[in-house]
Each structure stands twice: as C-alpha cells, then as structure tokens.
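All values derive from a computational prediction rather than experimental measurement. In listed order, ligands and their atoms are each counted from 1.
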Amino acid sequence: MLIIGLTGGIASGKTTVANLFAARGVPHVDADVSARAVVAPGSPGLAAVVEAFGPTVLTAEGTLDRRALRQRVFTDPAERKRLESILHPLIGQHLRDSLAALRGPYALLVAPLLLEGQLSRTVDRVLVVDVPEEVQIRRVMQRDGSSREEAEAILRAQMQRAERLARADDVITNDGDLQALAHQVEKLHRFYLDLARD
Ligand code: ATP
C-alpha cells in the first residue's frame, strides 16, 4: 500500500485535509492517537515510562500525568532523549500496525512531527500543508483562544516553514477557502491513485 505522510505546522489544516481525503474514501492513521495509545493505562509503554521516571509521573488514577512528565523533561535534554527512546519505537510500531490493518490503494499517516524524527522513513511521500504565517497565527488565535504572542511563540518553536517545504514531495497551500482546499485535495487524490496503480 502506498503511504502518504501528511504534515504541517500548528493549525495548518492537517485534520481538515485528512477529512477531505476521507470523504474520498482514503483512510488515515494519526500519530497523536498512537502516541496516546502506547501509554494507555495497563500498557507496556506506560510501565516502561514509570520504570524510567518513577511513579511521580502517574496521576492518582494511575494514568500518565503528561504535565508532570513534560516538566520533568522540558529543561533536561538527556531526560527528554530517554523518554523519546522509550516512546518513539512504540509509536512507530503502533502506526505501522494500524496502517497494516487498512485497505485501499493508498492511505495517509497524519503526523505533526513527521519530519522531526524517524517517522518519515515509514512513508513513501511527504505531503505538506503549507500556510502563510499570518494566516496560521490568525487560525491559532481563533481556534485556541491564544494571544498573538502565544501563537507566535508556538510557531517559533516548530520547524520553520522553509525547511518543511524543502522536505515536501507534494504541497497543499491552505490560504484560501475550503472549496479551494477541496480542489487541491481532489487533484492530489487522482495523482495518488495513479501512483498507487503504477
Ligand atoms: P493542529 O495540528 O493544531 O491540530 P491542524 O493542522 O490539524 O491543527 P485543522 O484543525 O485542520 O489544523 O485547522 C485549524 C483551524 O483552521 C480549524 O479551526 C479549521 O477549521 C480552520 N481551517 C482550516 N483550513 C481552513 C480554511 N481553508 N478556511 C478556513 N478555516 C480553516
């Protein structure tokens, strides 16, 4: 099966694009869903995280205390690396298993951090949803109720637009209305169907 990796910055339109592909019968898996699944209560992933970081990263209910964990690794690159070395292989495996269960000529792997780690090795092509920063900031502010400063800080912490675009095989420009977006999805959908057939 042909696998298309779909990525883009915050509020670029990844979910909206994935839904437009879904309306054309194209299934997707979501890296954020896998990232939660591998540390679900009772999972070996959660046990490994507790073994490495201690029970203080658990809530009273026995679920992962993401805030506590984030604070723990935030200022310590070595700790962060240790956490990633536990989680990334598990997330990668969960995504590959989820993809293997899908049927169809091609599927999408939706991942905000597709280009930051090893995940891009799992995909055949990289599709970037690109959006001018001003539009992106406006959508973050509208959707999340963030201030302009908060939105700008998030953008600064992410991979920069030019770098992401340099890694793209295909680009969707999401600076217009939803109809313009659907039109681009339709064009790419036909292209991917042709690729999958070949
Ligand atoms: P995140 O990674 O932050 O979860 P995302 O990349 O999945 O975001 P979406 O949730 O699809 O982005 O879109 C972000 C916001 O912008 C949503 O509120 C969505 O409805 C809106 N949006 C996306 N594309 C358009 C568009 N072409 N016109 C107007 N609004 C849009």
Side-chain angles (χ1 to χ4, degrees), residues 3-40 64 66-67 69-70 74 80 84 87-88 91-92 94-95 98-99 102 106-120 122-123 125-192:
I3 307 296
I4 309 295
L6 173 61
T7 193
I10 181 170
S12 55
K14 296 177 293 295
T15 307
T16 310
V17 167
N19 289 339
L20 287 167
F21 275 103
R24 287 158 178 81
V26 182
H28 63 264
V29 297
D30 185 328
D32 288 341
V33 171
S34 291
R36 281 193 294 274
V38 299
V39 289
L64 187 62
R66 285 166 195 285
R67 236 180 107 197
L69 188 58
R70 214 177 305 128
F74 189 66
R80 190 189 190 102
E84 288 176 353
L87 294 182
H88 285 185
I91 296 168
H94 191 273
L95 280 168
S98 306
L99 284 167
L102 299 179
Y106 77 97
L108 306 177
L109 190 168
V110 186
L113 301 180
L114 181 73
L115 303 175
E116 279 82 347
Q118 313 288 311
L119 254 191
S120 58
T122 305
V123 306
R125 291 182 80 80
V126 171
L127 168 57
V128 166
V129 187
D130 180 53
V131 59
E133 276 155 19
E134 197 40 50
V135 177
Q136 196 179 6
I137 288 168
R138 200 172 62 230
R139 287 188 185 146
V140 172
M141 290 169 66
Q142 247 163 31
R143 186 192 61 183
D144 302 340
S146 312
S147 67
R148 167 165 288 273
E149 290 67 35
E150 283 165 344
E152 285 174 349
I154 296 170
L155 258 65
R156 270 199 304 277
Q158 294 196 330
M159 182 180 279
Q160 293 305 292
R161 189 179 174 199
E163 190 183 351
R164 207 182 278 118
L165 281 174
R167 307 264 309 266
D169 296 298
D170 310 304
V171 177
I172 285 181
T173 308
N174 187 18
D175 60 354
D177 59 16
L178 288 175
Q179 204 183 340
L181 191 63
H183 181 71
Q184 294 179 74
V185 168
E186 180 61 33
K187 250 175 93 174
L188 269 177
H189 176 51
R190 286 193 209 143
F191 173 59
Y192 291 149

Give a yes or no on whether the backbone of [Y] and the side-chain of [X] come within a donor-acceptor separation of less than 3.5 Å.
{"X": "K14", "Y": "G9", "value": "yes"}
{"X": "D130", "Y": "V171", "value": "no"}
{"X": "Q158", "Y": "I10", "value": "yes"}

Return the closest protein heavy atom for [atom] as residue, atom name and distance.
{"atom": "atom 19 (C) of ligand 1", "value": "T16 OG1, 4.0 Å"}
{"atom": "atom 7 (O) of ligand 1", "value": "T15 OG1, 2.6 Å"}
{"atom": "atom 2 (O) of ligand 1", "value": "K14 NZ, 2.7 Å"}
{"atom": "atom 1 (P) of ligand 1", "value": "R143 NH1, 3.5 Å"}

Proximity of N174 to ligand 1 by residue part, where a heavy atom lies under 4.0 Å: side chain

If we set the cut-off at 4.0 Å for heavy atoms, which region of R139 has an atom near ligand 1: side chain, backbone, both, or neither? side chain

Return yes or no for this condition: an N or O of [X] is under 3.5 Å from an N or O of ligand 1.
{"X": "I10", "value": "no"}
{"X": "L181", "value": "no"}
{"X": "G13", "value": "yes"}

Side-chain donor-acceptor contacts of residues 28-37 below 3.5 Å, not counting sequence neighbours, with atom names and distances?
from : atom 1 : to  : atom 2 : distance (Å)
D30  : OD1    : D32 : N      : 2.8
S34  : OG     : H94 : ND1    : 2.8

Parallel, tilted or perpendicular: which fits the ring planes of Y106 and F21, with parallel below 30° and perpendicular above 60°? perpendicular

Which ligand 1 atoms are under 4.0 Å away from a heavy-atom of G176? 26 (C), 27 (N), 28 (N)

Per-atom contacts, ligand 1 versus D177 - under 4.0 Å to a heavy atom: 27 (N)

R80 atom CZ, neighbour heavy-atom count above 12 within 6.0 Å: no

Minimum side-chain heavy-atom gap L109-T122 below 4.5 Å: yes

Answer yes or no: is there a side-chain heavy-atom contact under 4.5 Å between H183 and Q179? no

Measuring from non-hydrogen atoms of S12 to any atom of ligand 1, is the shortest distance under 4.0 Å? yes

